[in-house]
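Values below: all heavy atoms of this structure, side chains included; hydrogens, waters and symmetry mates excluded. Keep in mind that what you see is a predicted model, and the values were worked out from it rather than measured. Just so it is clear: chains get the letters A, B, ... in the order the sequence lines come, proteins before strands, and each one is counted from 1.
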Protein chains: 2
Amino acid sequence: MSQQTTTPGDAPAATVKSAARALDLLDEIAARGPGTQLQLSQRMGIPKSSLHALVRTMVVKGWLETDPTGTVYKLGIHALVVSSAYLDGDAVLAQAAPVLDEVSAATEETVHLGRLDGTDVVYTAKRESAHPLRMHSAVGRRLPAYSTALGRAILSEQPMEVREALVPDSIDAMTPHTTTRKADVLTIIDEAATQGYAVESEESCLGVRCFGVTLPFGRTTHDAMSVSVPISRLGNGREDFIIETLLSARAKLASQREHSTVR
Amino acid sequence: MSQQTTTPGDAPAATVKSAARALDLLDEIAARGPGTQLQLSQRMGIPKSSLHALVRTMVVKGWLETDPTGTVYKLGIHALVVSSAYLDGDAVLAQAAPVLDEVSAATEETVHLGRLDGTDVVYTAKRESAHPLRMHSAVGRRLPAYSTALGRAILSEQPMEVREALVPDSIDAMTPHTTTRKADVLTIIDEAATQGYAVESEESCLGVRCFGVTLPFGRTTHDAMSVSVPISRLGNGREDFIIETLLSARAKLASQREHSTVR
DNA sequence: CTTCTCAATTCACATAGACGAACGCAGTTC
DNA sequence: GAACTGCGTTCGTCTATGTGAATTGAGAAG
């Protein structure tokens, strides 16, 4: 993804090449894994001699580390440090955290907070299910917005053009149940807009169904919350209960928002 | 952290200025919080005109975001994304995770994994206590090594010169109980080396005592595990139980290491 | 021991960026 | 409403850095 985010078709906007490359390099390694200088230079289309100085700089600063052998470059520990700072400075997270806890306590399932970034959603917080059977997930992970309940919830509050733009024409199936036709996905998002919540069943993780609602912050909502439940634990109205829980969580946040003048 | 440049007393080491600055800027914001372009340029000692292009580049790439007002710059969502990639690629974490779970289950207290970075330790994983009274902590947060049980455990396996170097002459008290004399801290570390585990009582967080042991990976150990317990829950041999749990966790990892040829 | 391969590294030139100073734009203060 | 203050932005020059080709070094293969 990263390579050349180039916001499509706009001004050349004086950009600092070496700084951009340093950041791209971090993204590249994050997205496609570690590599040698040569491999990375090929993957990114940068002359290896250029990469050389760059990599050295980044190692000195602790943003990259090498293998024991010294030839393979991977992310350094500074990659971790900034993440907590990002989360600390996030007003949405701070406000949503108590509600997240409540939903987690009420449902006893894995609960995520996520945010739209490009066509993906990035998890910004989670609460894990107490059950031994639980999803593998992590704060910072990105998944396509259109195939997750969380992302669909966000998309359902966007105007049509945005939905169109953020659902690609060709969708890779992550599981046999993934909806791969753009039109179908758009229909699903439309239903979510009507219902007020989004669903995704085994489309990104086999055996798991997710439910998502947006968080009522700001006028363009980029944040949402979802609950992921193994299908084996659904039934007996438990699905409805989870949806109710999510909707009332959102209602609670919305009312808080009216009382306190936050941002 | 940032601002140093000039790797102490060795080769001039061709460094890429603008890349270094981009990274320093991330560190700066992570360490001392967001700011306007002017503030940041002053904090970092960079001409504002130089910072201007840099900041724009980083915003375009999603590594920085602005306030709603557009004047205050803070970390962007990419800061989150790399962190999960860092953790994913970490062999130590993958191996230690099950043991972490066990210690968490056995003690029902907050358990941390951490790694030495300069004079600090950075948390790389945690399991939270189920008790409502629990520490505030987060993966990615850094604390001084010398004042935490986790850090002291790591230091206790380092040679004397390293300990000397990593404990500063002047220590800021984080709580009234913080040990602030370098000599005292070195003595405590020495005791930890003898005992095989490190302790810290209310020195970084009032009301909390922590116990730490190193993880037996590699020959120079940079990783350690700790348990943080509210003092009110100690007593009745619970302290000994926790220490035993940690020591046996380490023993388990050590034996695993002998069987599997990892890394 | 020689040759191949794949890695990092260095060098000398063309270019991209760092810098200080000047500018534009709000919101405040007098 | 005029002078200030704090902010981002632009411009032209000097310098740092990106680049391709050539070099070194370590293993593996012959």
Side-chain angles (χ1 to χ4, degrees), chain A residues 2-7 10-29 32-61 63-76, chain B residues 2-7 10-29 32-61 63-76:
Chain A
S2 57
Q3 83 170 7
Q4 189 86 336
T5 311
T6 42
T7 22
D10 63 358
T15 170
V16 183
K17 194 196 278 190
S18 53
R21 280 180 170 177
L23 302 176
D24 282 344
L25 179 53
L26 293 174
D27 280 337
E28 170 64 29
I29 295 179
R32 292 202 256 158
T36 65
Q37 286 189 17
L38 186 56
Q39 289 168 342
L40 292 171
S41 84
Q42 288 165 348
R43 275 157 54 176
M44 304 182 61
I46 294 182
K48 61 180 178 173
S49 56
S50 306
L51 198 63
H52 176 66
L54 184 59
V55 159
R56 248 198 345 216
T57 303
M58 295 174 73
V59 169
V60 169
K61 297 227 159 271
W63 281 83
L64 291 182
E65 292 170 1
T66 61
D67 236 16
T69 73
T71 63
V72 176
Y73 291 82
K74 53 184 185 176
L75 294 175
Chain B
S2 42
Q3 93 180 22
Q4 41 90 243
T5 322
T6 53
T7 23
D10 64 357
T15 170
V16 182
K17 193 193 280 192
S18 52
R21 281 179 169 177
L23 303 176
D24 282 346
L25 179 54
L26 294 173
D27 280 338
E28 171 65 29
I29 295 179
R32 293 202 255 158
T36 65
Q37 286 189 17
L38 186 57
Q39 289 168 342
L40 292 171
S41 84
Q42 287 165 349
R43 276 157 54 176
M44 304 182 62
I46 294 181
K48 60 178 180 174
S49 57
S50 305
L51 198 63
H52 175 66
L54 185 58
V55 159
R56 244 196 349 212
T57 303
M58 293 174 73
V59 169
V60 168
K61 297 225 160 274
W63 281 84
L64 290 183
E65 292 170 359
T66 61
D67 237 13
T69 74
T71 63
V72 176
Y73 291 82
K74 53 184 185 176
L75 294 176

Find the distance [X]:[atom1] to [N]:[atom2] and express it as a whole number of Å.
X	N	atom1	atom2	answer
A:L54	D:dT19	CG	P	10 Å
A:Q37	D:dG18	CD	P	13 Å
B:D67	D:dC7	CG	C1'	13 Å

Closest approach of [X] and [Y], non-hydrogen atoms and distance?
X	Y	result
A:R21	A:P47	NH2-CD, 4.3 Å
A:P34	A:V72	CB-CG1, 3.8 Å
B:L25	B:M58	CD2-SD, 3.7 Å
A:L40	A:G35	CD1-O, 3.6 Å
A:T66	A:K74	O-CE, 4.4 Å
A:I29	A:Y73	CD1-O, 4.0 Å

OP1 or OP2 of D:dG8 sitting under 4.0 Å from any side-chain N/O of B:H52?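 Checking B:H52 against D:dG8: no side-chain N or O falls below 4.0 Å of OP1 or OP2.
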
Given the rule in the salt bridge (Lys or Arg N to Asp or Glu O under 4.0 Å) test, do A:D24 and B:K61 qualify, once you have shown the distances and angles that lead to the verdict? CA-CA 8 Å; A:D24 282 344; B:K61 297 225 160 274; 3.3 Å; yes

Min side-chain heavy-atom separation A:L64-A:T57 under 4.5 Å: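 With C-beta onward as the side chain, the pair stays apart.
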
Report, as a single string ordered 5' to 3', how protein heavy atoms within less than 4.0 Å touch nucleotides 20-27 of chain D: B base, S sugar-phosphate only, - not at all. BB------

Can you measure from [atom1] ([X]) to [atom2] ([Y]) and round to the nearest 0.5 angstrom?
X	Y	atom1	atom2	value
B:Q39	B:R32	CD	CZ	11.5 Å
B:W63	B:L23	CH2	CG	8.5 Å
A:Q37	A:S49	CD	OG	10.0 Å

Could I get the full list of side-chain hydrogen bond (donor to acceptor under 3.5 Å, both in side chains) partners for A:T71, not counting sequence neighbours?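 Listed in chain order: A:T69.
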
Pairwise N/O distances under 3.5 Å, protein to nucleotides 15-17 of chain D:
{"residue": "D:dT17", "atom": "OP1", "partner": "B:K17", "partner atom": "N", "Å": "2.5"}

Just to verify, what does B:K48 make a side-chain contact (heavy atoms from CB on, under 4.5 Å) with, not counting sequence neighbours?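 Result, side-chain contact (heavy atoms from CB on, under 4.5 Å) vs B:K48: B:L38, B:S41.
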
Per the end-axis method with five pairs at each terminus, what is the bend angle of the helix from C:dC1-D:dG30 to C:dC23-D:dG8, to 10°?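 Result, rounded to 10 degrees: 50°.
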
Reading DNA chain C from 5' to 3', where do the contacts with chain B start and stop? Cut-off is 4.0 Å to heavy atoms.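 Range of nucleotides within reach of chain B: C:dA18 to C:dA21.
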
